[in-house]
Participant: 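Quick one: the structure is below, questions incoming.
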Amino acid sequence: SPVGRSGKTTFAIALAQILSEAHKTLFISFEEFAVFQNDMEVSSPGNLADLMYYFKQNPDTLSIKLQAIVQKINSLDYVSPIYYARDLRETTTDEWKKLLDHISSVTSYEYIVLDIGDMIGDLLAMLDYCDQIFMPTIDDKLSEMKINKIETVILQSDKEKLLDKIIKTKAPKPDNNYMEERWINR
């Protein structure tokens, strides 16, 4: 969603958690300042930058490296996000798509939920890669203008089929302890 504070991350985590109750699901954040870094107070065995490094070095070892890096919250698997935004910016959209394709082909994940932020180089190409796009919205004039703007950009980019993938929604409202396990289970 181009709308800040719309609950995009909240929605992505909630969706991933719900899916993970019945399906093997992996959550990956492409946000510049992502949750699951220091927020969860866990020591990470690696993060998304490490996973990309391993993939570039030897794609054949990705499934082993992924198993070592993946962490769990209840039934949800997640990869700790990139710590330095520069690492996110310097990786091309095609490289991310190749990594995600490889994860899909060498693992048993039924769903990979992406929290896509502004740091992806070719945002429209990454959105086009996705099967579905959930766009949390807020009911105010500025938010409507931002959504109209991205829809116009999509149309002008000859990617109008993207509009068919977009599902506009409202994110759940977390309480003050939103990262605690009881919220993630909602």
Participant: I need the minimum non-hydrogen distance between Ser157 and Leu124, along with the two atoms involved.
Facilitator: OG-CD1, 3.4 Å

Participant: Where the side chain of Thr152 meets the backbone of Asn148, is there a donor-acceptor pair that is under 3.5 Å apart?
Facilitator: yes

Participant: For a 4.5 angstrom cut-off between non-hydrogen side-chain atoms, does Thr25 reach Asp77?
Facilitator: no

Participant: State the CD1-CG distance between Ile120 and Leu88, to the nearest 0.5 angstrom.
Facilitator: 5.0 Å

Participant: Testing the 3.5 Å rule here: is there a donor-acceptor pair between the side chains of Ser80 and Gln71?
Facilitator: yes

Participant: Would a distance-only check, ignoring hydrogens and angles, find a side-chain to backbone donor-acceptor pair under 3.5 Å from Asn47 to Ala49?
Facilitator: yes

Participant: I want to check something: taking the side chain as every heavy atom from C-beta on, are Leu26 and Ile28 in contact at a cut-off of under 4.5 Å?
Facilitator: yes

Participant: Look up atom NZ in Lys65 and atom CG in Asn58, then write down how far apart they are to the nearest 0.5 Å.
Facilitator: 9.0 Å

Participant: Please walk me through it: do Tyr109 and Val70 pass side chain to side chain contact (heavy atoms under 4.5 Å, CB included)?
Facilitator: CA-CA 12 Å; Tyr109 288 110; Val70 162; 3.8 Å; yes

Participant: More than 12 foreign heavy atoms under 6.0 Å from CG of Asp131: is that the case here?
Facilitator: no

Participant: Not counting sequence neighbours, list each pair that qualifies as a salt bridge (charged side-chain N to carboxylate O under 4.0 Å, His left out) and has a residue in residues 45-64.
Facilitator: Lys56-Glu95

Participant: Do Ile103 and Leu51 have side chains that get closer than 4.5 Å, going by heavy atoms?
Facilitator: yes

Participant: Hey, are Ser75 and Ser20 close enough side-chain-wise for a donor-acceptor pair under 3.5 Å?
Facilitator: yes

Participant: Identify the heavy atoms of Thr93 and Ala125 that sit nearest to each other, and give their distance.
Facilitator: CG2-CB, 4.1 Å

Participant: Rounded to the nearest 0.5 Å, how far does CE of Met52 lie from CG of Leu99?
Facilitator: 4.5 Å

Participant: Would you kindly confirm whether Val79 and Tyr53 end up in one hydrophobic cluster when ILVMFWY residues are joined by side chain heavy atoms under 4.5 Å apart?
Facilitator: yes

Participant: Are the side chains of Ile13 and Phe27 in touch, meaning some heavy atoms are under 4.5 Å apart?
Facilitator: yes

Participant: Taking the side chain as C-beta and beyond, is there a heavy-atom pair between Ile150 and Lys146 under 4.5 Å?
Facilitator: no

Participant: Count I, L, V, M, F, W, Y as connected when their side-chain heavy atoms are under 4.5 Å apart, and connections chain through other members. Are Leu162 and Val153 then in the same cluster?
Facilitator: yes

Participant: I'd like to know if the side chain of His102 reaches the main chain of Pro59, judged simply by a donor and an acceptor atom lying under 3.5 Å from each other, with no hydrogens or angles considered.
Facilitator: yes

Participant: Quick one: do Ile166 and Ile154 satisfy side chain to side chain contact (heavy atoms under 4.5 Å, CB included)? Show the steps, please.
Facilitator: CA-CA 11 Å; Ile166 294 174; Ile154 289 169; 4.1 Å; yes

Participant: Can a donor-acceptor pair be found between the side chains of Asp101 and Ser104 at a distance below 3.5 Å?
Facilitator: no

Participant: To the nearest 0.5 Å, what is the distance between OG1 on Thr61 and CD on Gln67?
Facilitator: 11.5 Å

Participant: Is Glu151 salt-bridged to Lys168, going by a charged N under 4.0 Å from an acidic O?
Facilitator: yes

Participant: Where does the angle between the aromatic ring planes of Phe11 and Phe134 fall among parallel (under 30°), tilted (30 to 60°) and perpendicular (over 60°)?
Facilitator: tilted

Participant: Is any side-chain heavy atom of Tyr129 closer than 4.5 Å to one of Asp122?
Facilitator: no

Participant: If you compare all heavy atoms of Leu123 against all heavy atoms of Gly117, which two are closest, and at what distance to 0.1 Å?
Facilitator: CD1-O, 4.0 Å

Participant: Report yes if the side chains of Phe55 and Lys98 come closer than 4.5 Å at any heavy-atom pair, otherwise no.
Facilitator: yes

Participant: Apply side chain to side chain contact (heavy atoms under 4.5 Å, CB included) to the pair Ile147 and Met135, showing each step before the final yes or no.
Facilitator: CA-CA 9 Å; Ile147 290 171; Met135 184 184 293; 4.0 Å; yes

Participant: Taking the basic N atoms (NZ, or NE/NH1/NH2) and the acidic carboxylate oxygens, is any pair closer than 4.0 Å for Lys8 and Asp115?
Facilitator: yes

Participant: Please report the shortest heavy-atom distance between Val113 and Ala12, naming the atom on each side.
Facilitator: CG1-O, 3.6 Å

Participant: Classify the ring geometry between Phe30 and Trp96 as parallel (under 30°), tilted (30 to 60°) or perpendicular (over 60°).
Facilitator: perpendicular

Participant: Is any side-chain heavy atom of Ile112 closer than 4.5 Å to a side-chain heavy atom of Leu100?
Facilitator: yes

Participant: Can you name the closest pair of heavy atoms from Asp87 and Thr91 and give their distance?
Facilitator: O-OG1, 2.9 Å

Participant: Around atom NZ of Lys72, are there more than 12 heavy atoms from other residues, nucleotides or ligands closer than 6.0 Å?
Facilitator: yes

Participant: Under the salt bridge (charged side-chain N to carboxylate O under 4.0 Å, His left out) criterion, do Asp128 and Lys165 qualify, and how do the steps go?
Facilitator: CA-CA 9 Å; Asp128 195 35; Lys165 294 181 181 184; 3.7 Å; yes

Participant: Can you check side chain to side chain contact (heavy atoms under 4.5 Å, CB included) on Leu155 and Leu163, steps first, answer last?
Facilitator: CA-CA 8 Å; Leu155 289 170; Leu163 296 175; 3.5 Å; yes

Participant: Closest approach of Pro45 and Ala68, non-hydrogen atoms and distance?
Facilitator: CG-O, 3.2 Å

Participant: For Glu110 and Lys24, indicate whether the former's side chain and the latter's backbone hold a donor-acceptor pair under 3.5 Å.
Facilitator: yes

